[in-house]
Amino acid sequence: MNFFLYKMGEISDRFSKYMTSRDLNDNQVTNNLGLSIGLLGKSRKPGSDLSKKSIEKILNFYADLNKVWLLTGEGDMINAEFIPNHSGEEEAISSISKSIPYWNLPVSAGKSVLDIIGKTKPDGFIKGLPGADIAENILPVIGTSMEPEVSSGAIIGVRKMNNWESLNTERIYLIITTDDRMIKRIEYDETNQDIIWCVSPNYPRFKIYKSDIIDIQRVCFVYNPK
C-alpha cells in the first residue's frame, strides 16, 4: 500500500467523518478490525493519528471507503463502485443493474446472517468487481484460517443452494450454524452420515452435526485485499 504525505491527525479526522456517515461507533470498529481498546480515541488526540497498520485494516475491511480520500482528502469519501443504501432511496436503488448487496457482517463472528439478510436493508451495493455478478450477497471476512486463498480483510460473494446434502469437497462454503458462521471446505465422515468435517489450511479440522446447521451457501466469488 502506497501512502501519501499528510498532516498529523488528518486521517483520523477523515475516518471519524466516515464513521459518522455509516453510523459506526468506536466499539464496533474496534471489534471489527481487532484493534486495541482505546486506540481510536488516542488517534484523535493532538499530535496523534492512525498507524499504517490500522489504516491498512480499515481499508481492507470497509470496502466502500475511498483510499485516496482517506489518505489525502481528495475525491469522494465513497468508492465509485460502491453505491450506499440510504433510507428513502429505494427507487434509485431498484434501478441499479448488476450491483450486489453488501452486508457489513464479518464471516467468523456474530450471529447468523439469516437474522439480518432479508430482514433489513443492506449496508450498500457493490458493482464493477469482475466475477462478483454471480453472487447474491457480499460479506467481509475476518480471520486467517483459509489463507492464502481467502485472506483476512477479503470480501466474498455467496449464493444459496437448493440442496446442500451433496457438497463438493473441492469448494469453499459459508456454513451457518446455531453458534457461528464460517467459511470452510468440508469432508464427509466415513462412519456417521450425520456429521461433516470443516477443513481449512490453518486450523485443525473439526466436526459439526448436520442438525446444528442452519444453512450452507456456496462461496462463488473472492476478492482478496491487495
Side-chain angles (χ1 to χ4, degrees), residues 18-19 22-24 27-35 56-65 78-79 81-86 93 96 98-162 164 167-168 171-186 198-203 208 212-226:
Y18 169 82
M19 288 174 59
R22 286 289 181 259
D23 197 24
L24 295 168
N27 287 338
Q28 290 171 313
V29 174
T30 296
N31 290 333
N32 285 342
L33 304 183
L35 300 177
E56 288 176 340
K57 288 183 177 181
I58 288 168
L59 292 171
N60 286 338
F61 187 88
Y62 295 107
D64 61 333
L65 180 56
I78 304 302
N79 282 321
E81 68 269 19
F82 190 96
I83 303 170
N85 183 6
H86 297 298
I93 291 171
I96 298 170
K98 295 185 179 180
S99 56
I100 315 301
Y102 172 82
W103 307 84
N104 192 17
L105 298 167
V107 175
S108 298
K111 59 184 179 180
S112 170
V113 294
L114 300 182
D115 291 338
I116 306 297
I117 294 178
K119 298 182 182 180
T120 63
K121 295 177 181 178
D123 295 285
F125 293 82
I126 289 179
K127 68 175 182 179
L129 291 179
D133 56 350
I134 64 173
E136 294 175 336
N137 294 288
I138 291 179
L139 306 167
V141 174
I142 61 174
T144 60
S145 68
M146 290 299 295
E147 287 189 343
E149 191 168 357
V150 184
S151 300
S152 181
I155 58 174
I156 59 169
V158 296
R159 290 188 64 86
K160 294 178 182 178
M161 302 174 59
N162 293 328
W164 54 265
L167 301 175
N168 187 334
R171 291 188 178 276
I172 299 175
Y173 295 96
L174 168 64
I175 303 172
I176 304 168
T177 70
T178 52
D179 298 319
D180 205 354
R181 57 179 179 264
M182 52 200 162
I183 52 170
K184 302 288 181 185
R185 286 194 169 86
I186 64 98
C198 295
V199 181
S200 56
N202 305 309
Y203 195 84
I208 55 175
D212 290 331
I213 297 174
I214 298 173
D215 192 25
I216 296 181
Q217 299 190 17
R218 182 167 69 88
V219 175
C220 57
F221 166 80
V222 176
Y223 180 79
N224 283 309
K226 296 179 180 179

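- The OH atom of Y223 sits 11.0 Å away from the CD1 atom of I138 when rounded to the nearest 0.5 Å.
- Residues A135 and C220 come closest through the heavy atom pair CA-SG, 3.6 Å.
- The side chain to side chain contact (heavy atoms under 4.5 Å, CB included) test applied to N31 returns no partner, not counting sequence neighbours.
- When every heavy atom of N224 is checked against every heavy atom of A154, the shortest pair comes out as OD1-CB, 3.4 Å.
- At distances below 3.5 Å, at least one donor-acceptor pair connects side-chain atoms of D123 with backbone N or O atoms of N104.
- The line from CD1 of I156 to CD of Q217 is 9.0 Å long, rounded to the nearest 0.5 Å.
- In this structure, the side chains of Y102 and I155 come closer than 4.5 Å at one or more pairs of heavy atoms.
- In terms of the side chain to side chain donor-acceptor pair (under 3.5 Å) criterion, residue partners of K184 (sequence neighbours excluded) are, by chain and number, S145, S200.
- When every heavy atom of S152 is checked against every heavy atom of T144, the shortest pair comes out as CB-CG2, 4.1 Å.
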Please evaluate residues I186 and I175 with respect to the criterion side chain to side chain contact (heavy atoms under 4.5 Å, CB included), reporting the C-alpha separation (whole Å), side-chain torsions for both, the decisive distance (0.1 Å), and the verdict. CA-CA 10 Å; I186 64 98; I175 303 172; 3.9 Å; yes
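- For the pairing with I183, the side-chain contact (heavy atoms from CB on, under 4.5 Å) check across V222, L139, V158, V141 returns one residue only, V141.
- Evaluation of the side chain to side chain donor-acceptor pair (under 3.5 Å) rule for Y173 yields no partner, not counting sequence neighbours.
- Counting heavy atoms from C-beta outward, T177 and M182 have side chains that approach closer than 4.5 Å.
- Under the 3.5 Å distance criterion, the side-chain polar atoms of N137 are left unmatched by any main-chain donor or acceptor of W103.
- Partners of R185 by side chain to side chain donor-acceptor pair (under 3.5 Å), not counting sequence neighbours, listed by chain and number: E149.
- Residues satisfying the side chain to side chain contact (heavy atoms under 4.5 Å, CB included) test with Q28, not counting sequence neighbours, are L24, N25.
- Under the salt bridge (charged side-chain N to carboxylate O under 4.0 Å, His left out) criterion, R159 pairs with E136, not counting sequence neighbours.
- Nearest approach of M161 to L167, heavy atoms of both residues: CE-CD2, 3.6 Å.
- The nearest pair of heavy atoms linking I208 to C198 is CD1-SG, 3.7 Å.
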